[in-house]
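Quick note on labels: first sequence line is chain A, next is B, and so on, each numbered from 1.
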Number of protein chains: 2
Amino acid sequence: MGLAKTELFTTEQNKLASLLKALAHPARIAILQHIIQSNTCICGDLVTEIGLAQPTISQHLKELKNSGLIKGTIEGTSVCYCIDEQNWNIARELINSFFNQNSNSADCC
Amino acid sequence: MGLAKTELFTTEQNKLASLLKALAHPARIAILQHIIQSNTCICGDLVTEIGLAQPTISQHLKELKNSGLIKGTIEGTSVCYCIDEQNWNIARELINSFFNQNSNSADCC
DNA sequence: TTATTTAATCGTAATATTGCAATATATAAA
DNA sequence: TTTATATATTGCAATATTACGATTAAATAA
């Protein structure tokens, strides 16, 4: 099919998977790291910093924006992207609590 | 293209993205939660617990195994899957440190 | 106004993912 | 051995993703 059967899963499972999907590409990881590391918001320099074409970067930025992890504000002819701190923290918590479900792991295997 | 340009990114960026990709599907989230929540290792019940066909579950299990997050041992005719605690912790740390890069965020947007 | 600059969108090709029926494999039971 | 049970693999259809050239849109500069 190619289509995830979202109706089989809980809203939380779908939400977590969707968030992880937004992060699951090296270009988007790189973009987020660039945004985080530059004190001021990075704008179009991403295209030169990362070696991908401008439409490709723009597409990845759109996905990150849709996920809520970043937000962009128009600044003259360019656009200024930065982390959406609130959603970033929500995402962190969501992933954290997934990883910290305590497995009463008797290491049975 | 449909092919990620891995050569543009660092090994760490690719590794993190690859790990996140393994997690980025509700079925695989659900499978991991089932494995964690059952005190003993879960075996074949996943097919009935989650509503997907047996080959589909098998495929998702394979991906999780490839990512290193779970391991399976043959137990008679069935296979017993459980979390690979060591790799699980490595994954947790990798994702954690990604989220905890301190943004010197002057909240510029 | 007409460039120029910057980013978004459109269209499309190449590839990947998801899901499952059919089949294969492997172990256990009869 | 034959049969039953459990899981893996194969092959394929439907859909999604990635990447980019061409174009568009929007703001600024000349």
Nearest of D/dT17, D/dT18, D/dA8 to any side-chain atom of A/Gln59?
D/dT18

Does A/Leu69 reach the side chain of A/Leu19, with side-chain heavy atoms less than 4.5 Å apart?
yes

Is the distance from OP1 or OP2 of D/dT17 to the nearest side-chain N or O of A/His60 less than 4.0 Å?
no

Between atom OH in A/Tyr81 and atom C1' in C/dT6, what is the gap in whole Å?
11 Å

Quick one: are B/Arg92 and A/Asn100 in side-chain contact, heavy atoms under 4.5 Å?
yes

Rounded to whole Å, how long is the line connecting atom NZ of B/Lys62 with atom C1' of D/dT10?
10 Å

Between C1' of C/dT18 and CD of B/Glu63, the distance in whole Å
9 Å

Please round to the nearest 0.5 Å and tell me the distance separating atom CG of A/Leu61 and atom CD of A/Gln54.
9.5 Å

Atom pair distance, as rounded to whole Å: CD1 in B/Ile50 and P in D/dT7
13 Å

With a non-hydrogen cut-off below 4.0 angstrom, is A/Ile57 in contact with a base, only sugar-phosphate, or nothing?
nothing

Separation of A/Lys5 atom NZ from C/dT17 atom C1', in whole Å?
15 Å

So, is B/Thr56 close to the C/dC20 phosphate, meaning a side-chain N or O under 4.0 Å from OP1 or OP2?
yes

State whether A/Ser58 places a side-chain N or O below 4.0 Å from either non-bridging phosphate oxygen (OP1 or OP2) of C/dA8.
yes

Is the shortest side-chain heavy-atom distance between A/Leu52 and A/Leu46 below 4.5 Å?
no

Expressed in angstrom and rounded to an integer, what is the separation of B/Glu49 atom CD from D/dA6 atom P?
15 Å

I need the single residue from A/Ile31, A/Leu32, A/Ile50 that forms a side chain to side chain contact (heavy atoms under 4.5 Å, CB included) with A/His60. Which is it?
A/Ile31

Is the A/Phe98 ring parallel, tilted or perpendicular to the B/Trp88 ring (thresholds 30°, 60°)?
tilted

Without decimals, in angstroms, what is the distance between B/Asp45 CG and D/dT5 P?
16 Å

Residue pair B/Ile95 / A/Phe99, side-chain heavy-atom distance below 4.5 Å
yes

Hey, does the side chain of B/Lys21 come within less than 4.0 Å of C/dT17's phosphate (OP1/OP2), counting only N and O?
yes

Whole-Å gap separating C1' (D/dA8) and CG (B/Leu61):
11 Å

What does nucleotides 21-30 of chain C look like as a protein-contact string, B for base, S for sugar-phosphate only, - for none, at under 4.0 angstrom between heavy atoms?
BB----BS--

Closest to side chain of A/Ser78, choosing from D/dA19, C/dG19, C/dT6:
C/dT6

